[in-house]
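The next block holds one structure in the form of structure tokens; read it before the comments.
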There are 2 protein chains.
Amino acid sequence: MQNSLKNLFPNFSNELLSSIAENATEQDFESGTILMRTGQYIKNTILITKGKIKIYREDEDGGEFLMYYLQPGQACAISMICATKSQKSQIMAKVDEDVSAIMIPLHLMDKWMMEHRSWYEFVIETYRNRFEEVLEVVDSIAFRSMDERLEFYLKRHQDACGCNEVKLSHQEIASELNTSREVVSRLLKKMEQRGLVKLNRNQIELLR
Amino acid sequence: MQNSLKNLFPNFSNELLSSIAENATEQDFESGTILMRTGQYIKNTILITKGKIKIYREDEDGGEFLMYYLQPGQACAISMICATKSQKSQIMAKVDEDVSAIMIPLHLMDKWMMEHRSWYEFVIETYRNRFEEVLEVVDSIAFRSMDERLEFYLKRHQDACGCNEVKLSHQEIASELNTSREVVSRLLKKMEQRGLVKLNRNQIELLR
DNA sequence: ATTCTGCAGTAACATTTATCACATAAGCGT
DNA sequence: ACGCTTATGTGATAAATGTTACTGCAGAAT
């Protein structure tokens with residue numbers, strides 16, 4: 001663990017890495033697991049070492065709007081933000097690809113801020129990145145129409161998975177954009193006509 | 001200054017207040033002043049002691065989407081987040097009501113995190129509040145239609161100004177919601193019919 | 001092979017939002 | 001009072017998005 005951690009979190013000091021090794025446990029979660037529910041109290045800060053997590057904002061009617069991805073080398077900003085006052089989670093986190101994660105008890109998260117400069121910097125950096133990412137999401141829904149939002153969605157998927165195949169049904173995409181399947185189908189067809197994608201069953205190939 | 005600061009930021013330690021008194025300057029800004037532009041480098045962290053600031057997200061075509069308000073006792077989270085690496089601002093800040101603000105050089109913002117527990121807690125709390133607020137904004141645009149968004153907008157205005165009069169033209173409201181004046185006019189009329197508001201020229205009275 | 005099931009395509013229609021055009025009204029300066 | 005400017009009201013229409021209903025297709029199950 002120590003070794004791979006050093007690769008995933010290259011800026012962590014050796015003291016910090018030792019503290020992690022002493023105090024934190026690594027846990028595995030299968031694809032589909034809900035790691036955190038809206039309204040639930042948060043017990044740990046999570047560092048991802050393997051796999052992929054999707055962070056959603058939920059509404060009262062069960063809508064699940066995709067906010068962003070968490071990947072190896074990253075941490076859950078929400079869990080850090082909620083640390084100080086054992087706040088409730090305002091988001092839902094679902095495992096997208098089988099995940100290994102390091103679970104850090106919340107009191108340590110707070111304690112280490114003072115003890116480890118590299119932890120402090122990592123936390124601030126995490127805040128900053130997530131804030132930026134959320135602002136981009138706001139852009140996409142505040143200023144753009146559904147066709148552009150769909151392209152934005154596919155682009156982020158591409159960035160997150162590092163490949164050009166989207167193995168999701170139109171229905172799943174529609175849910176994460178909070179629109180309907182028919183709209184997604186229509187827009188994808190148009191994108192296909194523009195030569196941006198190739199449509200197959202349960203799979204969309206991104207051509208650029 | 002010392003005294004009013006103690007009231008506005010009751011959790012600041014005396015040592016922190018002294019540090020602020022020694023190192024920071026208070027500055028006044030008139031309504032309408034742009035305190036921070038998108039893409040600009042940030043030089044200071046800002047603590048508001050008087051007035052009101054509106055934080056916007058801008059798009060390429062000059063759209064100005066209202067994110068949230070900053071009020072006395074609050075600080076600009078963006079300027080804190082950008083502190084560590086002298087990042088560019090991702091938002092635009094405009095003075096809404098004449099503001100007095102304490103300008104804290106960025107390197108102190110960072111330094112105090114280690115030296116003053118109460119500063120650290122304030123910063124984390126600021127992050128958390130802003131993140132929450134932005135998530136609520138995401139909700140409103142991701143899940144709700146324009147009529148609900150308009151009500152949400154008016155409600156926030158009410159909370160921010162602590163009064164029931166909105167002294168804005170329909171055009172201004174439309175810009176901050178990134179929609180058109182006609183839509184706002186029509187929706188306001190409907191709200192008036194439902195008895196939620198009373199419409200006057202350049203002023204909307206909120207009835208509940 | 002046949003049936004079943006979930007996914008995708010698409011037409012028709014409803015609703016919401018955006019845009020254009022113009023009328024009316026309110027306040028302001030002269 | 002008069003005309004000027006800006007804000008608001010409103011109808012007509014267009015465009016985008018959401019909804020309903022149905023079709024066909026592919027793979028899984030039998």
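Note that this is a predicted model, so its numbers are computed, not measured. Chain identifiers are assigned alphabetically (A, B, ...) following the order of the sequence lines, protein sequences preceding nucleic acid strands; residue numbering begins at 1 within each chain.
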(request) Tell me which residues in residues 169-188 of chain A put a heavy atom below 4.0 Å from DNA chain C, sorted by number, or none. (result)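 Per residue number, the list reads A:S169, A:H170, A:R181, A:E182, A:R186.
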(request) Report which part of the nucleic acid B:D147 touches: base, sugar-phosphate, or nothing (heavy-atom distance under 4.0 Å, all strands). (result)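 If one applies the 4.0 Å heavy-atom cut-off, B:D147 turns out to touch nothing in the nucleic acid.
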Roughly how many Å is it from [atom1] in [X] to [atom2] in [N], rounded to a whole number?
{"X": "B:M191", "N": "D:dG9", "atom1": "CE", "atom2": "P", "value": "13 Å"}
{"X": "B:I204", "N": "D:dA7", "atom1": "CD1", "atom2": "P", "value": "13 Å"}
{"X": "A:N200", "N": "D:dC25", "atom1": "CG", "atom2": "C1'", "value": "14 Å"}
{"X": "A:N202", "N": "D:dC25", "atom1": "CG", "atom2": "P", "value": "18 Å"}
{"X": "A:I141", "N": "D:dT17", "atom1": "CD1", "atom2": "P", "value": "14 Å"}
{"X": "A:K190", "N": "D:dA16", "atom1": "NZ", "atom2": "C1'", "value": "8 Å"}

Which atom pairs, donor and acceptor, lie under 3.5 Å between side-chain atoms of residues 68-75 of chain A and protein residues at least two apart or in another chain?
from: A:Q71; atom 1: NE2; to: A:A160; atom 2: O; distance (Å): 3.3
from: A:Q74; atom 1: OE1; to: A:Q71; atom 2: N; distance (Å): 2.8
from: A:Q74; atom 1: OE1; to: A:R130; atom 2: NH2; distance (Å): 3.1

(message) Heavy-atom nearest nucleotide on DNA chain C for A:R201 versus B:M146: which residue maps closer to 5'?
(response)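 Final value for this comparison: A:R201.
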(message) Regarding B:E205 and B:K198, does a basic nitrogen lie under 4.0 Å from an acidic carboxylate oxygen?
(response)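 Salt bridge between B:E205 and B:K198, a charged N being under 4.0 Å from a carboxylate O: no.
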(request) Report yes or no: is the cationic atom of A:K94 (NZ for Lys, CZ for Arg) closer than 6.0 Å to the six-membered ring centre of A:Y56, at no more than 45° off its axis? (result)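 Yes - A:K94 lies over the ring of A:Y56, closer than 6.0 Å to its centre and within 45° of its axis.
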Show me, pair by pair, the donor-acceptor contacts under 3.5 angstrom made by side chains of residues 150-157 of chain A, not counting sequence neighbours?
from: A:E151; atom 1: OE2; to: A:R194; atom 2: NH2; distance (Å): 2.7
from: A:Y153; atom 1: OH; to: A:E176; atom 2: OE1; distance (Å): 2.6
from: A:K155; atom 1: NZ; to: A:D159; atom 2: OD2; distance (Å): 3.3
from: A:R156; atom 1: NH1; to: A:M67; atom 2: O; distance (Å): 2.6

(message) Under 3.5 Å, is there a donor on one side chain and an acceptor on the other for B:D98 and B:S31?
(response)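 Result is no, nothing qualifies.
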(message) Does a side-chain N or O of A:K189 approach OP1 or OP2 of C:dT10 to a distance below 4.0 Å, or not?
(response)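 Answer no for this pair, as no side-chain N or O of A:K189 is under 4.0 Å from OP1 or OP2.
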(request) Answer yes or no: is there a side-chain heavy-atom contact under 4.5 Å between A:R57 and B:L135? (result)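 Side chain of A:R57 against side chain of B:L135, heavy atoms only: contact under 4.5 Å found.
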